[in-house]
Protein chains: 2
Amino acid sequence: MDDRKQLILRAIIREYIGKIEPVSSKNITGKYGLDVSSATVRNEMSHLEKLGYIEQPHTSAGRIPSELGYRYYVDYLMEKYRLALREKQAIDNQLDERVDKLESLLERAGAILSELTSYPSIVSEPTFKQKKYRHIKLVGIDEKLALLVIVLDDGEIKNYQVNLVGRMEDEDFIRISNVLDEQLAGKEVNDLSGNLVEQLAFQAVADKLVLEDVLRALTEVAGNSNMNNIHISGTLNIFNQPEFKDVEKVRDLLSFFEQQKALQRLVEGGSEGISIKIGEEVPLDNLEGLSVITSTYCINGKPVGTIGVIGPTRMTYSKSSTLLEKISEGLEVSLIKMLR
Amino acid sequence: MDDRKQLILRAIIREYIGKIEPVSSKNITGKYGLDVSSATVRNEMSHLEKLGYIEQPHTSAGRIPSELGYRYYVDYLMEKYRLALREKQAIDNQLDERVDKLESLLERAGAILSELTSYPSIVSEPTFKQKKYRHIKLVGIDEKLALLVIVLDDGEIKNYQVNLVGRMEDEDFIRISNVLDEQLAGKEVNDLSGNLVEQLAFQAVADKLVLEDVLRALTEVAGNSNMNNIHISGTLNIFNQPEFKDVEKVRDLLSFFEQQKALQRLVEGGSEGISIKIGEEVPLDNLEGLSVITSTYCINGKPVGTIGVIGPTRMTYSKSSTLLEKISEGLEVSLIKMLR
DNA sequence: CTTTAGCACTCATCAGAATAGAGTGCTAAA
DNA sequence: TTTAGCACTCTATTCTGATGAGTGCTAAAG
């Protein structure tokens with residue numbers, strides 16, 4: 001790959017990303033620092049095609065980048081994108097504003113990413129290696145109802161309704177809260193061994209029926225702790241992409257977006273930092289022509305979640321990855337502020 | 001409208017709903033109890049067209065029902081749909097299962113409605129004329145954090161995080177809880193007058209910063225109480241409808257589904273019970289060719305929410321409205337059980 | 001007066017043919 | 001090594017005519 005070939009490959013990719021039409025030799029002569037004739041460019045193109053970086057839809061058409069071509073571009077040719085001022089401001093506005101719920105923050109991050117890139121975005125909720133209980137408290141609401149408040153070590157607060165059968169006094173609530181706290185605080189959430197359950201049942205003699213509700217809640221917490229939910233936003237952006245003018249494709253992608261399990265595969269196994277997967281590299285069998293850019297985000301220096309965008313293979317890699325990087329950083333800052 | 005015209009109109013509509021192609025005179029002779037020649041049917045059709053009940057896409061095509069035709073069909077010709085056993089079971093399965101969250105229940109109702117009709121479904125959360133506070137409690141979690149638990153008179157429980165600056169003892173929480181309870185219990189949520197705020201500020205002298213968070217939460221509750229959220233499910237069902245083979249239309253409808261305010265117009269102002277709105281009758285300017293069937297659902301005999309389906313004007317009115325009716329009834333039963 | 005067979009007429013749809021044009025690869029000269 | 005020139009290929013567009021479904025009208029039959 002000599003300099004001129006690189007120049008031409010880059011020119012083809014940039015042009016194609018912009019116009020989404022096969023680019024001809026004539027089309028890029030004179031621009032992109034190419035001061036040679038179209039014939040020369042044609043010769044080089046012919047060579048680039050043999051190398052597998054570009055391909056021809058049909059004989060009398062221009063060239064389009066192959067997945068290998070995009071890969072080469074992303075690895076060696078892509079120049080840094082400079083954020084526009086309004087992009088910077090938009091990111092800051094969205095992420096700086098005070099939010100007290102983890103979900104809202106992630107939602108905002110996804111929304112702004114989607115808005116600025118015009119691609120659907122995907123955000124996974126943070127996973128901690130092993131979530132632990134920090135606090136558990138049973139709070140009386142009225143005669144028939146109590147609320148089980150569970151605080152996890154990642155700062156997340158969950159609560160569940162617990163039905164009461166008999167009359168419970170304030171001291172009862174305090175006693176049960178203490179039992180729960182002693183037994184569970186510091187323990188991992190999916191460490192809900194039978195032994196523990198028995199102990200709870202033995203100690204919290206107050207009211208069997210209450211205990212049932214409590215155990216249901218604990219089991220639910222344990223169940224949810226393994227799977228981290230994934231949120232998609234800006235899905236309708238795909239309608240702006242010309243490769244989705246076909247209803248079938250739109251349907252396939254949108255219904256893919258509704259499958260949590262499939263989405264999971266997009267975020268798992270990513271190395272730390274920005275990762276760009278192009279076409280076949282995307283671990284999805286039934287979807288073609290897609291690229292995914294993801295970034296892990298960290299809490300306390302440890303990667304705990306993923307945020308990314310999904311676009312056609314001819315997506316704006318430079319702009320999108322830069323935006324993703326900035327938003328990911330902003331998200332980390334806000335997370336720290338939020339969790340304190 | 002003599003008997004035979006009605007017979008023919010019904011035949012055209014049934015045939016069209018099934019095949020979604022203009023129906024010809026020949027096509028319905030012999031079926032639907034029509035023992036006359038196609039020529040006779042043609043004459044009648046010609047008349048029906050003059051009356052405005054059917055129309056012709058072009059000269060040499062069959063007839064399709066007009067919106068007026070559907071209206072006549074729904075009002076006078078439609079026969080009762082008999083639920084299949086598996087449909088009955090599916091409904092019971094979905095709605096009988098124990099759920100403790102209002103949202104989950106509504107979600108289930110929408111999902112099963114969507115699944116059985118193959119149309120997107122819409123469910124509005126119940127509104128109560130004026131929500132009131134039933135209980136308010138401030139619960140300490142740890143040194144820095146407390147939880148404001150708000151119980152509304154419809155049984156809904158909300159909670160908000162409240163940051164603490166100074167050290168708070170148990171009695172502080174109890175004191176503040178009492179103040180809040182005294183001041184707010186029984187009051188309407190959007191009755192957050194300045195006077196009340198001042199009183200709170202004066203009485204809850206404990207910690208200004210805590211109060212700020214509390215007020216933010218109360219304002220949010222008041223704000224949310226007016227607008228009842230609306231959930232859509234089964235949106236991808238529109239891809240099964242031939243009238244949405246055009247990407248533009250799909251985009252328009254899907255982006256409409258994302259606008260809460262627009263959806264609101266679909267559920268508001270509906271009279272009690274089942275309501276069928278056809279084509280132009282649907283209060284949406286920019287969407288054409290859609291019909292909406294809605295049903296109000298009641299709590300304590302008062303209509304508090306709406307559930308419905310959205311389909312093309314040639315939707316299966318009979319089947320859909322019957323299914324909707326049953327699901328709406330099932331939802332009411334489950335709601336009563338849940339709220340006790 | 002109602003029904004129906006027969007027939008001319010209309011119009012969408014489809015396949016095939018002709019045309020235009022974009023872009024290439026190759027060759028030979030610079 | 002570069003480039004002008006040219007023949008060649010293939011797509012996209014337009015036009016054409018054939019096909020056939022379905023109607024409306026007319027005139028005869030019931």
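Letters A, B, ... mirror the listed sequences (proteins, then strands); counts begin at 1. Keep in mind it's a predicted model, so treat the numbers as computed, not measured.
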Regarding A:S38, tell me which of base, sugar-phosphate or nothing describes its non-hydrogen contacts under 4.0 Å with the strands shown.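 Since no nucleic acid heavy atom lies under 4.0 Å of A:S38, the category is nothing.
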Looking at every strand, decide which applies to B:T40 at a 4.0 Å heavy-atom threshold: base, sugar-phosphate, or nothing.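 Base, at least one base heavy atom under 4.0 Å.
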When you list every nucleotide of DNA chain D with an atom under 4.0 Å from a heavy atom of chain A, which one comes first 5' to 3', and which comes last?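 Answer, 5' to 3': D:dT2 to D:dT11.
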Got [X] and [Y] here, is their nearest side-chain heavy-atom distance under 4.5 Å?
X	Y	answer
B:L77	B:I13	no
A:L290	A:L253	yes
A:M315	A:V309	yes

If the threshold is 4.0 Å, N to carboxylate O, is there a salt bridge linking [X] and [Y]?
X	Y	value
A:D246	A:K249	no
B:E87	B:K326	no
B:E44	B:R4	yes
B:K80	B:E325	yes
A:E15	A:K19	yes
A:R63	A:E49	yes

Tell me the interatomic distance from B:R42, atom CZ, to C:dT2, atom C1', rounded to whole angstroms.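 B:R42 atom CZ is separated from C:dT2 atom C1' by 16 Å.
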Spacing of A:N43 atom CG relative to C:dA28 atom P, expressed in whole Å: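 So the CG-P distance, A:N43 to C:dA28, works out to 15 Å.
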Take A:Y81 and A:S321 through the test side-chain hydrogen bond (donor to acceptor under 3.5 Å, both in side chains) and record every step on the way to the result. CA-CA 9 Å; A:Y81 172 78; A:S321 60; over 6 Å; no
What nitrogen or oxygen pairs link the protein and nucleotides 11-14 of chain C at under 3.5 Å?
| from | atom 1 | to | atom 2 | distance (Å) |
| --- | --- | --- | --- | --- |
| C:dC11 | OP1 | B:T59 | OG1 | 3.3 |
| C:dC11 | O2 | B:S60 | OG | 3.2 |

Represent DNA chain C in dot-bracket notation, 5' to 3'. Only Watson-Crick or G-U wobble pairs with both distances under 3.5 Å count; pseudoknot-style crossings use [ ] and interstrand partners use |. ||||||||||||||||||||||||||||||
Heavy-atom nearest nucleotide on DNA chain D for B:M45 versus A:A39: which residue maps closer to 5'?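 Closer to the 5' end of DNA chain D: A:A39.
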Step through it carefully: locate the ring centre of A:Y317, locate the ring centre of A:Y70, and say whether they are under 6.0 Å apart.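 Yes, the ring centres sit under 6.0 Å apart.
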For A:N27 and for B:R4, locate the closest nucleotide of DNA chain C by heavy-atom distance; then report the residue assigned to the nucleotide nearer the 5' terminus.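 The 5'-side residue here is B:R4.
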